[in-house]
Amino acid sequence: MMKYILKDALKNEYIFFNPKSVTLIREKNVPADSLDVLFLSGINGIEYAEIAVFDGSKCVFRGIVDEQVETISESGIILEINARSLAALLLDNEAMPQSCCLPDMQLFMERNFSRLGFKEYIGNDKPKSGSMSIAKGESEWSVLEKYCRKFLDTYPRVNEDGVIDISENEGETTVLTNEGEHKIISLSRVRKRCELISEYRVRTLRGNGYEMIINNENAERLGVDSVRYLNAVDNGGVGIASCYQNIKESNELYDTLNLTVSGRVLVNIGDWIVLPDYKLGNLRVNKLRYEADGDNELTILNLLCN
């Protein structure tokens, strides 16, 4: 049974069980998970600020309340909570404009993230050669993501304990079979040609045009024409490597599987799914949608084939 702990601004706790409905969404390259939950409840005048969700002793969601709605209906008084995970704090706060020489994670923790309650990070981080600029209007998340992509070749994550993870995401493996606890309801293959990037044209010298060409052989083979431009001179630190990263991601998103299973399979983005009955190899989780309505639970996974 899932337990929902709501807190007000003074950190007083209110425990709920058996929600009327729940929707939890996790998605690659979307920093904050989202949670929508409805409870049958009385109006008590409490404004909630935080929510944590536990599956047994394991915390599967922790975040901030974005919206609270109390509705009087024929079925009773319904409390609706819309929340985002802790990464939302980084998304919602603007970073101080600055230029950093030899940046490292400890510097950003002290200057940017600790004031938001983030005290720890995990991952191999050493001072890097080079510089990075932060423009007016960039979010704290943008700072973190830019640093990880440019200097570490990773994508950051914030776990349920509020720890920033900048390590390579190796992921855990979950095996799903038709004879297991979670029945496979449907499996479909999706090819999205619109996701493919066929070519990057890059400006590498001030005063020059976009003279450097980076091609995507997969898009060329499929006859897709979708060009992007990158100014590698005046872009605040996002380099040519990002072109190769974006092309790789476009190839991954082109060919995916949608898997629907019964029950609660709360895997993380970047985890691996193995389906022995279908012999598809290891499939990486790109998106998760968990839905519950009373006793009925359903998990929908979008899996990367490449």
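Atoms considered below: every heavy atom in the structure, side chains included; atoms not considered: hydrogens, waters and symmetry mates. Remember, predicted model here, so these are calculated numbers, not experimental data.
Around the CD1 atom of I72, the shell of radius 6.0 Å holds no more than 12 heavy atoms that belong to other residues, nucleotides or ligands. Environment of OH in Y14: crowded, with over 12 heavy atoms of neighbouring residues, nucleotides or ligands closer than 6.0 Å. Heavy-atom neighbours of Q98 CD from other residues, nucleotides or ligands within 6.0 Å: above the threshold of 12. Counting heavy-atom neighbours within 6.0 Å of K28 NZ, excluding the residue itself, gives a total above 12. Atom CD of E220 has 12 or fewer neighbouring heavy atoms from other residues, nucleotides or ligands inside a 6.0 Å radius. The environment of E120 atom CD is sparse: at most 12 non-hydrogen atoms of other residues, nucleotides or ligands sit within 6.0 angstrom. Applying the 6.0 Å contact sphere to CD of Q245 captures more than 12 heavy atoms from other residues, nucleotides or ligands.
Using a 4.0 Å cut-off between charged nitrogen and carboxylate oxygen, E50 and R62 do not count as a salt-bridge pair. E252 has a carboxylate O that lies under 4.0 Å from a charged side-chain N of K248, or vice versa, which qualifies the two as a salt bridge.
With values rounded to the nearest 0.5 angstrom, S85 atom OG is found 13.0 Å from R157 atom CZ. In this structure, CG in N268 is found 5.0 Å from CZ in R26, a value given to the nearest 0.5 Å. Expressed to the nearest 0.5 Å, how far CE of M96 lies from CD1 of I134 amounts to 7.5 Å. Atom CD1 of I184 sits about 6.0 Å away from atom CG of L176, to the nearest 0.5 Å. Here E181 contributes atom CD and R264 contributes atom CZ; the two are 8.5 Å apart, rounded to the nearest 0.5 Å. For the atom pair OG1 of T154 and CG of N169, the computed distance is 9.5 Å after rounding to the nearest 0.5 Å.
Between the K146 side chain and the S133 main chain, a donor and an acceptor come within less than 3.5 Å of each other. With hydrogens and angles disregarded, a donor-acceptor distance shorter than 3.5 Å links the side chain of R203 to the backbone of N208. Although no hydrogens or angles enter the test, the distance criterion places a donor-acceptor pair under 3.5 Å between the side chain of N216 and the main chain of I197. The closest donor-acceptor contact from the side chain of K150 to the backbone of A241 lies at 3.5 Å or more, if one exists at all. Although no hydrogens or angles enter the test, the distance criterion places no donor-acceptor pair under 3.5 Å between the side chain of K3 and the main chain of G56. Using a distance-only test at 3.5 Å, with no hydrogens or angles considered, no donor-acceptor pair links the side chain of T260 to the main chain of I185.
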Decide yes or no on side chain to side chain contact (heavy atoms under 4.5 Å, CB included) for L187 and L257, but give the supporting numbers first. CA-CA 7 Å; L187 179 65; L257 292 173; 4.3 Å; yes
Evaluate side chain to side chain donor-acceptor pair (under 3.5 Å) for N82 paired with D66, printing each intermediate quantity in order. CA-CA 6 Å; N82 305 131; D66 282 335; over 6 Å; no
Assess whether side chain to side chain contact (heavy atoms under 4.5 Å, CB included) is satisfied between N93 and R115, documenting all intermediate values. CA-CA 11 Å; N93 281 272; R115 69 180 183 85; 3.8 Å; yes
Which is it for E172 and V267 under the side chain to side chain contact (heavy atoms under 4.5 Å, CB included) test, yes or no, and what are the steps along the way? CA-CA 8 Å; E172 299 181 357; V267 292; over 6 Å; no
Evaluate E217 against N215 for side chain to side chain contact (heavy atoms under 4.5 Å, CB included), listing each step before the verdict. CA-CA 6 Å; E217 294 180 358; N215 291 310; 5.6 Å; no
Could you walk me through whether S73 and S75 satisfy the side chain to side chain donor-acceptor pair (under 3.5 Å) test, starting with their C-alpha distance in whole Å, then the side-chain angles of each, then the deciding distance to 0.1 Å, before giving a yes or no? CA-CA 5 Å; S73 68; S75 58; 3.1 Å; yes
Given the rule in the side chain to side chain donor-acceptor pair (under 3.5 Å) test, do N112 and E140 qualify, once you have shown the distances and angles that lead to the verdict? CA-CA 7 Å; N112 299 74; E140 297 287 17; 2.8 Å; yes
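Hydrophobic clustering, with ILVMFWY side chains joined whenever heavy atoms are under 4.5 angstrom apart, keeps L301 apart from V190. L196 and I214 fall into different hydrophobic clusters, where Ile, Leu, Val, Met, Phe, Trp and Tyr are joined by side-chain heavy atoms under 4.5 Å apart, directly or via other members. L304 is not connected to I247 by any chain of hydrophobic side-chain contacts under 4.5 Å among Ile, Leu, Val, Met, Phe, Trp and Tyr, and they are in different clusters. Following chains of ILVMFWY side-chain contacts shorter than 4.5 Å, one can reach I269 starting from V60, so the two form part of one hydrophobic cluster. In the hydrophobic cluster analysis, where Ile, Leu, Val, Met, Phe, Trp and Tyr join through side-chain heavy atoms closer than 4.5 angstrom, I51 is grouped together with M2.
Among residues at least two apart or in separate chains, side chain to side chain donor-acceptor pair (under 3.5 Å) pairs with a member in residues 272-284 are N178-D277.
Taking every heavy atom of both residues into account, A32 and R84 meet most closely at CB-CB, 4.1 Å. The two residues S198 and S226 come nearest to each other via the heavy atoms OG-N, 2.6 Å. Taking all atoms of both residues into account, the shortest heavy-atom contact from L152 to N124 is CD2-O, 3.9 Å. Residues S242 and L230 share a closest heavy-atom pair of OG-CD2, 3.9 Å. Taking both residues in full, the closest heavy atoms of D8 and E47 are given as CB-O, 3.5 Å, listed atom of the first, atom of the second, then distance. Counting all heavy atoms, side chain and backbone alike, G123 lies closest to S167 at CA-CB, 3.9 Å.
Put simply, the side chain of I164 reaches to within 4.5 Å of the side chain of M109, judged on heavy atoms. The shortest side-chain heavy-atom distance between T174 and D271 does not fall under the 4.5 Å cut-off. Within the 4.5 Å cutoff, the side chain of E195 has no heavy atoms near those of the E249 side chain. Taking 4.5 Å as the limit, some side-chain heavy atom of M132 sits within range of a side-chain heavy atom of F108. The closest side-chain heavy-atom distance from L86 to N159 is not below 4.5 Å. Two residues are said to be in side-chain contact when any heavy atoms from C-beta on lie closer than 4.5 Å; E211 and T204 meet this criterion. Using a 4.5 Å heavy-atom cutoff, the side chains of I166 and M105 are in contact. L35 has its side chain out of reach of I81: every pair of non-hydrogen atoms, C-beta onward, lies at least 4.5 Å apart.
Taking the six-membered ring for Trp and thresholds of 30 and 60 degrees, Y210 and Y229 have ring planes more than 60 degrees apart, a perpendicular arrangement.
A salt bridge (charged side-chain N to carboxylate O under 4.0 Å, His left out) with D255 is found for exactly one of K192, R189, R193, namely R189. Considering F54, F61, F39, Y48 in turn, F39 is the only one that fulfils the ring pair (Phe, Tyr, Trp, His ring centres under 6.0 Å) rule with Y4.
Note: F113 and Y121 fail the aromatic proximity criterion, with ring centroids not under 6.0 Å apart.
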